[in-house]
> 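Mind looking over this structure? Questions follow.
Just so you know, ligand 1 is whichever comes first in the structure, and atom 1 is the first atom listed for that ligand. Note that the structure is a prediction, hence the values are computed from the model and not measured.
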Amino acid sequence: MCKHPRYIWMVIGPAGCGKSTIAQFLSRKLNLPYIEGDDFHPLQNIVKMANGVPLTDEDRWGWLDTLRNEAVAKLTVGNADGCIVTCSCLKRRYRDVIRVAGAGSEVVVVRFVYLRADEELVLGRVSAREGHYMKAGMVHSQFVALEEPEDDEVDVITVDVSGTRSEGQWSALCKVLQYVDTEEGARFE
Ligand SMILES: Nc1ncnc2c1ncn2[C@@H]1O[C@H](COP(=O)(O)OP(=O)(O)O)[C@@H](O)[C@H]1O
Ligand SMILES: O=C(O)[C@H](O)[C@@H](O)[C@H](O)[C@H](O)COP(=O)(O)O
């Protein structure tokens, strides 16, 4: 029997590109639980970022493991049909840490929704955002660290988020639904 896939949708991209804005929308429209990656940083990471110091790989490994485990728990313990997670996942090796969740599983499927925007635009959004520890001075370091998904990362959907909030949200939702349609069509052929 062909098992119904449960998707972990990772909404990724540099700070300020619109991950939370789009993830909350996807969560609402798809009726799936939402995990805000920023809520799972250890305190020392938050303090570092709030002081304008970019995280290192070492700062991020444990956080990535935690997010992957939280996502899997939503599907297994929580019995959700899928979930939406925000995490910058700036480097390919970070995405690989998350990909482990789907490795060897007949049910858990990890897919990334990469929000593409240029540095200038993101800087403007972060500068205007209030009440967040991640300040505008950190944006450049995010783009230095960023390894955009490559063509062979076939589990990535790219969404241009240079338009309005609403355009980005609907574009992401349409791409996710199209992707599921195509992928599930192939699975049941
Ligand atoms: N398409 C958009 N146009 C203008 N502002 C946006 C857009 N998407 C998000 N924002 C705003 O930009 C800021 C950063 O968005 P946010 O969702 O917090 O990004 P992230 O979660 O990637 O850090 C927020 O203040 C948000 O309201
Ligand atoms: O909303 C934001 O501004 C981002 O999500 C931000 O908080 C940050 O990008 C990560 O949580 C830190 O991790 P990285 O340094 O790995 O992006």
> Quick check: do Pro14 and Leu90 have side-chain heavy atoms less than 4.5 Å from each other?
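Yes. Closest side-chain heavy atoms under 4.5 Å.
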
> Can you confirm whether or not the ring centre of Trp61 sits under 6.0 Å from the ring centre of Tyr94?
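Yes; Tyr94 has its ring centre under 6.0 Å from that of Trp61.
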
> Show me which atoms of ligand 2 lie under 4.0 Å from any heavy atom of Lys19.
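Going through ligand 2 atom by atom, the ones under 4.0 Å from Lys19 are 4 (C), 5 (O).
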
> What pair of heavy atoms forms the shortest contact from Gly163 to Arg125, and how long is it?
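So the minimum-distance heavy-atom pair works out to O-NH2, 3.3 Å.
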
> Which residue owns the protein heavy atom closest to atom 11 (O) of ligand 2, what's the atom, and how far is it?
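For this ligand atom, the closest protein heavy atom is Asp38 OD1, 2.4 Å.
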
> Do you know the tightest heavy-atom contact between Cys89 and Met10?
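Scanning both residues, the minimum pair turns out to be SG-CE, 4.3 Å.
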
> Who gets closest to atom 1 (O) of ligand 2 by heavy atom: Lys91, Met49, Arg129, Glu36?
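Shortest heavy-atom distance from atom 1 (O) of ligand 2: Arg129.
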
> Of the protein's non-hydrogen atoms, which lies at the shortest distance from atom 14 (P) of ligand 2, and what is that distance?
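Here the closest protein heavy atom is Ser88 OG, 3.2 Å.
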
> Does some side-chain heavy atom of Leu32 sit less than 4.5 Å from a side-chain heavy atom of Asp81?
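With C-beta onward as the side chain, the pair touches.
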
> Number the atoms of ligand 2 from 1 as they appear, then name those within less than 4.0 Å of a heavy atom of Leu90, with their elements.
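Close to Leu90: 17 (O).
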
> Among protein heavy atoms, which sits nearest to atom 15 (O) of ligand 2, and what does the distance come to when rounded to 0.1 Å?
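Heavy-atom neighbour on the protein nearest atom 15 (O) of ligand 2: Arg60 NH2, 2.9 Å.
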
> Enumerate the protein residues lying less than 4.0 Å from ligand 1, judged by heavy-atom distances, in chain and residue-number order.
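Lining ligand 1: Pro14, Ala15, Gly16, Cys17, Gly18, Lys19, Ser20, Thr21, Arg125, Arg129, Gly163, Thr164, Arg165.
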
> Mark up the atoms of ligand 2 that fall under 4.0 Å of a heavy atom belonging to Gln142, in ascending order.
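Reading through ligand 2 atom by atom, the close ones are 9 (O), 14 (P), 15 (O), 17 (O).
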
> Can you list the atoms of ligand 2 that are under 4.0 Å from a heavy atom of His41?
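Those qualifying, in numeric order: 10 (C), 11 (O), 12 (C), 13 (O).
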
> Among all the protein's non-hydrogen atoms, which is closest to atom 8 (C) of ligand 2, and how far away is it?
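For this ligand atom, the closest protein heavy atom is Met134 CE, 3.7 Å.
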
> With atoms numbered from 1 as shown, which atoms in ligand 2 lie under 4.0 angstrom from a non-hydrogen atom of Tyr133?
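Counting atoms of ligand 2 from 1, those under 4.0 Å from Tyr133 are 7 (O), 11 (O).
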
> Heavy-atom contacts with Trp63 under 4.0 Å: which atoms of ligand 2 show up? List them by number with element.
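Ligand 2 atoms under the 4.0 Å threshold to Trp63: 11 (O), 13 (O), 16 (O).
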
> How close do Gly102 and Val110 get, heavy atom to heavy atom, and via which atoms?
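Scanning both residues, the minimum pair turns out to be N-CG2, 3.8 Å.
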
> Search all heavy atoms of Thr86 against all heavy atoms of Leu67 and return the closest pair with its distance.
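Shortest heavy-atom separation between Thr86 and Leu67 comes out as O-CD1, 4.2 Å.
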
> For residues Asn69 and Thr66, is any side-chain donor paired with an opposing acceptor at under 3.5 Å?
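Note: Asn69 and Thr66 side chains miss the donor-acceptor criterion.
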
> Is Arg6 close to Lys74 at the side-chain level, that is, under 4.5 Å between some pair of heavy atoms?
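Not touching, per the 4.5 Å side-chain cut-off.
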
> Are any of the N/O atoms on Tyr94, whether in the backbone or the side chain, positioned under 3.5 angstrom from an N/O atom of ligand 2?
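There is no such contact.
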
> Just wondering, more than 12 heavy atoms not from Asn31 lying within 6.0 Å of its CG?
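Not more than 12 within 6.0 Å, no.
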
> Measuring only between side-chain heavy atoms, which start at C-beta, is Lys175 closer than 4.5 Å to Val113?
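Answer no - side chains too far apart.
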
> Please indicate whether Gln44 has more than 12 foreign heavy atoms, meaning atoms of other residues, nucleotides or ligands, lying under 6.0 Å from its CD.
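Enclosed: over 12 neighbouring heavy atoms sit under 6.0 Å from CD of Gln44.
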
